[in-house]
Protein chains: 2
Amino acid sequence: MSASLYKHPKHHVAVDCIIFGYEDDDLKLLLSQRRFQPALGEWSLMGGWVQDDETVEKAAERVLYQITGLKDIYLEQVHVFSNPDRDPGGRVISVVFYAMIRIDKHDKDLVKEHGAVWWTFSEKPDLIFDHELMVKYAHEKLKLRASYSLIGEKLLPERFTILQLRTLYEAIFQRQFDPGNFRKKILSLKVIEKLDDKNTTDSKKGAFYYRFKKYPEEFIQERIVKQ
Amino acid sequence: MSASLYKHPKHHVAVDCIIFGYEDDDLKLLLSQRRFQPALGEWSLMGGWVQDDETVEKAAERVLYQITGLKDIYLEQVHVFSNPDRDPGGRVISVVFYAMIRIDKHDKDLVKEHGAVWWTFSEKPDLIFDHELMVKYAHEKLKLRASYSLIGEKLLPERFTILQLRTLYEAIFQRQFDPGNFRKKILSLKVIEKLDDKNTTDSKKGAFYYRFKKYPEEFIQERIVKQ
DNA sequence: ACAAAAGTGTTTCGGCTACACCCATGC
DNA sequence: GCATGGGTGTAGCCGAAACACTTTTGT
């Protein structure tokens, strides 16, 4: 990198990631126990430092790759947290992202190696510093995203039933959806397609599997959930 | 500030502000000509450097105070732009905000002193670096905000007609709204109240002035515009 | 008289919601 | 037979949109 023309204060810049997953009919969060001071041993979000030659997005991708072994993860900027005292270890400006992970695809050993654990969203432990607030912001952003377009492709397995999709939405919004109305709404979007075989473990009758279309007819989706 | 425990790369962090205003029935943008290299003389957003003891919000407030003489300005984070090459002068991570200003209240001399100019939104000049993209992001965020709750309190004068409010919305969304339906929708929100006197300059019949209620009955507003 | 904005009323349409109801099957 | 989830159909409600129409007043 070329030398900077600017003479101004410089800052540590970090990324912190709220990593969402979906397993056993519940929304999950990947958290880790700090391995350095301050707050050693306490639960926190996965984070990392922004290097000289990378964007904040690249830094987040790097952190996610290190912990899950996955590339091309869905990421969205949430907010910047920059209170000078937010980290007792020094002044750190943190750019927060949320990510969506296919739990069935990630590297479980790598996660274990890092002392990270998937927590059920509603049962997660208290987090250090301002990480609680970060999670709150990320959850709001996830709800907004999920209300405007159908999410699930980044969280559910390749093949899933409409019940699974609905359960995901119920976990995200922490409320019930009418089974019939949900089905009709989702199918009207024409972004998922029915497969030939059925899942028979969750119901006696058996429910058809669906998958996300590779090239949905309508790229611009409508609103899904009224908030 | 205490010494940092961390040994990691540090970065210049800047804030850039998209400053919206409203005057002469049009949405405006406050832009300035650069007074330093690189890109000296070209049009850019108002920006500043984040100092050691301030949040990015404080930095943005400081920039806005310096140029407009106003405090307590409405600010919202838009996005972080962090491409290492985005600024030819060196690696700068920029946190973008949009602001809403009451043009009738701000310090015109101060603005002139800084070589800043209010541009009509649709006629603005090309901007340096990635500032064009920043404006695009900010405009999207403004539309989102305006579609979820009634804005105008931060842009319109104390007393305004419903025509002015509608014209503001038409400038923001770059489309027409049906006068009758707009009026009914806005009044149903119960966040503005009718005053006793009329504006007679814009119409023969005269239109009642309104103002935002100090304590609206319903703090949670409904959706206004379907996007 | 006419134009132009203010303000009110009416009708239509589509989507959301609630809920009834049949289907298939394992127990 | 009965409980359970799968899947379809329908009636009611509400808000958005389109638009007709009356009021007021300066020119």
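Labels below follow one simple rule: chain letters A, B, ... track the order of the sequence lines, proteins then strands, and each chain is numbered from 1.
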In whole Å, what is the span from the [atom1] atom of [X] to the [atom2] atom of [N]?
X	N	atom1	atom2	value
A:Leu187	D:dG6	CG	P	13 Å
A:Lys194	D:dT8	NZ	P	6 Å
B:Arg183	D:dA17	CZ	P	18 Å
A:Ile162	D:dG6	CD1	P	9 Å
B:Phe182	C:dA6	CZ	P	12 Å
A:Phe160	D:dG6	CZ	C1'	16 Å
B:Tyr169	D:dA16	OH	P	13 Å
A:Asn199	D:dT4	CG	P	18 Å

First of A:Gly180 and A:Gly206 reached from the 5' end of DNA chain C, by closest nucleotide: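 Going by which nucleotide is closer to the 5' end, it is A:Gly180.
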Using a cut-off of 4.0 Å on non-hydrogen atoms, how would the nucleic acid contact of B:Leu163 be classed: base, sugar-phosphate, or nothing?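 Sugar-phosphate contact only - B:Leu163 comes under 4.0 Å of backbone atoms but never of a base.
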Any idea how B:Phe177 and B:Phe182 line up, ring-wise: parallel (<30°), tilted (30 to 60°), or perpendicular (>60°)?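 It falls in the tilted class, 30° to 60°.
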Side chain of B:Ser203 only, please: which of C:dT17, D:dG6, C:dA6 is the nearest? C:dA6
Tell me whether the side-chain N or O atoms of [X] pair up with the base of [N] as donor and acceptor below 3.5 Å, since no angle test is needed here.
X	N	value
A:Lys184	C:dG15	no
A:Lys205	D:dT8	no
B:Asp178	D:dA16	no

Identify the two heavy atoms, one from [X] and one from [Y], that lie closest to each other, and give their separation to 0.1 Å.
X	Y	value
B:Ala116	B:Leu30	CB-CD1, 3.9 Å
A:Ser82	B:Glu57	OG-OE1, 3.8 Å
B:Met46	B:Leu31	SD-C, 4.3 Å

For a side chain to side chain contact (heavy atoms under 4.5 Å, CB included) with B:Phe212, tell me which candidate from B:Glu153, B:Arg159, B:Lys154, B:Glu193 qualifies. B:Glu153
Of A:Lys204 and A:Pro179, whose closest DNA chain D nucleotide lies nearer the 5' terminus?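 Here A:Lys204 is the residue nearer the 5' end.
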Determine: side-chain N/O of B:Lys185 to OP1/OP2 of D:dA16, distance under 4.0 Å, yes or no.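 True: B:Lys185 side-chain N/O within range (under 4.0 Å) of D:dA16 OP1/OP2.
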